[in-house]
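Atoms considered below: every heavy atom in the structure, side chains included; atoms not considered: hydrogens, waters and symmetry mates.
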Amino acid sequence: MPSQPALPRHVLVLNCGSSSLKFAILDALTSEEIISGLAERLGSSTPLIKYKYQGVKKQIELEANQAHGAAIDTLVALINDHHLADHLIAVGHRVVHGGEHFTQSVLIDDDVIKGITQAATLAPLHGHANLLGISSAQASFKGLPQIAVFDTAFHQTMEKTAYLYALPYKLYTDYGVRRYGFHGTSHFYVAEQTAKLLNQSIEHSNFISAHLGNGCSVCAIKNGKSVDTSMGLTPLEGLMMGTRSGDIDPGLFNFLTTQLDYSAQQIDDLLNKQSGLLGISELSNDCRTIEEAAVAGNEKAILALDMFCYRLAKQIAAFMVPLQRLDALIFTGGIGENSDIIRAKVIAQLSFLGLDCDNTANLAARFSKQGIISSTAANVKAVVMPTNEEWVIALDAATIAQEH
Ligand code: AMP
């Protein structure tokens, strides 16, 4: 994490998805949230902005088909109405794909836009939304420095052995086909916070962090650096997720196209939107719904949870190869921070690594939201650590803005 700026400064953090825009103004020094909200269903017949200011939740309906530009215009009006512009020193953009070019956060200029545009070929949906967010914000906040913070940057320390696919080498050199990894801001943040919690230096800490939200990934962090992670060229690889399949046999493509007449788009939809917890449970992608159904005896919900935990435990165990020694397993993201059931199930399968689960501490984390959930006897600590990607983006943006 960058060193904290000397004065309380406000940063507008923008996170553009293909049809959504998450925003917040944070005090980069204290992490205090001044205003936050979500514009959703952008480009549809019913776009909407929901936001929270001074504890009060409100919503604004946009006109049919209005998209990111209109959402940012409305956001600018909101900022002006509440006199929030005076303290703003920067806009921080979460950019999903930075390719190999971006190993850290940067001030956005024409070259950076070119680099992001190039990387966008690897993740077109996210990339184009990010670029749209940047150009709209540049038009609306003319005097403010704009900073890009990349989801992939933290993983640029991986070695070739970890990031290459066993494909013809030219696909890597000519087209950048390799593993990049995502959720980097989150893995970085929770690792730093866990080192503080355990009172040890991040440079001498080996952690595995499990970011479990709608998207899920695991990261092996050796002496503070990412050495491997479960997501790859896109966020589809690796763990079973809410609606994403995670790892599958690539031979499935041939089967689906030749036997079932699937198009490339249908396969993409199947793997990204209809699989994972939703695909197996045939119920929901929402972990809470599945846990409730599992407790009530729904067999597919039980299977979905068991598969989720088994695959996660298997991936964590595999990361012992690059790490060799593990100090702590970190749970974060909506599921990691809140599901004591999943944490207990995963840890139970990893006892051979020296992990255990203190049931009282695991349940107490529901309320404390943070802490060690393994017993004092455990050789490897299990930790719950809430992520705060917005704050990392705000801190990076504030630091870079002050340097320029
Ligand atoms: P995120 O993408 O980080 O917001 O996480 C979303 C996921 O967290 C969804 O699958 C939610 O069902 C899950 N989640 C949130 N709260 C809980 C909870 N109390 N128990 C289990 N899962 C939860």
Return the [atom1] to [atom2] distance between [X] and [Y], rounded to the nearest 0.5 Å.
X	Y	atom1	atom2	value
Leu131	His126	CG	NE2	13.0 Å
Asp228	Lys222	CG	NZ	11.5 Å
Ile330	Ile372	CD1	CD1	11.5 Å
Arg244	Leu270	CZ	CG	14.0 Å
Ile290	Ser284	CD1	OG	5.5 Å
Lys381	Leu326	NZ	CG	11.5 Å

Examine the side chains of [X] and [Y] and answer whether a donor and an acceptor come within less than 3.5 Å of each other.
X	Y	answer
Thr387	Ser186	yes
Tyr172	Glu100	yes
Ser217	His187	yes
Glu33	Ser36	yes
Gln200	Ser205	yes
Lys369	Asn338	yes
Glu40	Ser20	no
Glu61	Thr46	no

Minimal non-hydrogen separation, [X] against [Y], with atom names:
X	Y	answer
Ile34	Tyr53	O-CD1, 3.4 Å
Cys16	Asn130	O-ND2, 3.2 Å
Ile373	Val383	CG1-N, 4.3 Å
Phe23	Leu38	CE2-N, 3.7 Å
Leu21	Ala71	CD1-CB, 4.2 Å
Leu107	Pro145	CD1-CB, 3.7 Å

Task: Tyr175, OH: over 12 other non-hydrogen atoms inside 6.0 angstrom - done: no
Under 3.5 Å donor-acceptor, [X] side chain and [Y] backbone:
X	Y	answer
Gln266	Ser263	yes
His68	Gly17	yes
Gln324	Val321	yes
Thr257	Asn254	yes
Asp396	Ser105	no
Glu291	Arg288	no
Asn298	Ala294	no
Ser339	Ile335	no
Asp247	Gly238	yes
Ser136	Ile72	no

Do [X] and [Y] make a side-chain contact, defined as non-hydrogen atoms from C-beta onward lying under 4.5 Å apart?
X	Y	answer
Ser44	Asn65	no
Leu12	Ile79	yes
Lys58	Lys50	no
Ile202	Phe207	yes
Leu197	Met385	yes
Thr229	Val218	no
Val11	Ile89	yes
Asn80	Val76	yes

Task: Parallel, tilted or perpendicular: rings of Tyr51 and His82 (30°, 60°) - done: tilted
- [ ] Evaluate side-chain contact (heavy atoms from CB on, under 4.5 Å) for Asp358 paired with Ser374, printing each intermediate quantity in order.
- [x] CA-CA 5 Å; Asp358 178 320; Ser374 47; 5.9 Å; no
Task: Ion pair check, Asp340 and Arg366, cut-off under 4.0 Å - done: yes
Open item on the list: Taking the basic N atoms (NZ, or NE/NH1/NH2) and the acidic carboxylate oxygens, is any pair closer than 4.0 Å for Asp151 and Arg94?
Closed with: yes
- [ ] Please test His204 against Ser201 for side-chain hydrogen bond (donor to acceptor under 3.5 Å, both in side chains), starting from the C-alpha separation and ending with a verdict.
- [x] CA-CA 6 Å; His204 299 102; Ser201 98; 2.9 Å; yes
Open item on the list: The criterion is side chain to side chain contact (heavy atoms under 4.5 Å, CB included); which residues satisfy it with Leu233, sequence neighbours excluded?
Closed with: Leu122, Tyr165, Tyr180
Open item on the list: Looking only at the aromatic ring of each residue, does the gap between the centers of His97 and Phe182 stay below 6.0 angstrom?
Closed with: yes
Task: Results of ring pair (Phe, Tyr, Trp, His ring centres under 6.0 Å) for Phe154 - residues two or more places apart only - done: Phe188
TODO: State which residues pass ring pair (Phe, Tyr, Trp, His ring centres under 6.0 Å) with Phe319; sequence neighbours excluded, sorted by chain then number.
DONE: none
- [ ] Kindly determine whether His93 and Gln146 satisfy side-chain hydrogen bond (donor to acceptor under 3.5 Å, both in side chains), including the steps that lead there.
- [x] CA-CA 7 Å; His93 295 266; Gln146 314 259 335; 2.7 Å; yes
Task: Worked check of side-chain contact (heavy atoms from CB on, under 4.5 Å) between Cys287 and Ile342 - done: CA-CA 10 Å; Cys287 187; Ile342 286 184; 3.6 Å; yes
- [ ] Give the intermediate values and the outcome of side-chain contact (heavy atoms from CB on, under 4.5 Å) for residues Ile341 and Lys345.
- [x] CA-CA 6 Å; Ile341 297 177; Lys345 272 175 176 288; 4.2 Å; yes
Open item on the list: Taking the six-membered ring of Tyr163 as reference, does the cationic atom of Arg178 (NZ for Lys, CZ for Arg) lie under 6.0 Å from its centre and within 45° of its axis?
Closed with: yes
Open item on the list: Using side-chain hydrogen bond (donor to acceptor under 3.5 Å, both in side chains), reason through Glu337 and Thr332 one step at a time and then give a plain yes or no.
Closed with: CA-CA 5 Å; Glu337 290 166 33; Thr332 194; 3.1 Å; yes
TODO: For the pair Leu14 and Val91, evaluate side-chain contact (heavy atoms from CB on, under 4.5 Å) and give the outcome as yes or no after the intermediate values.
DONE: CA-CA 7 Å; Leu14 295 179; Val91 183; 3.9 Å; yes
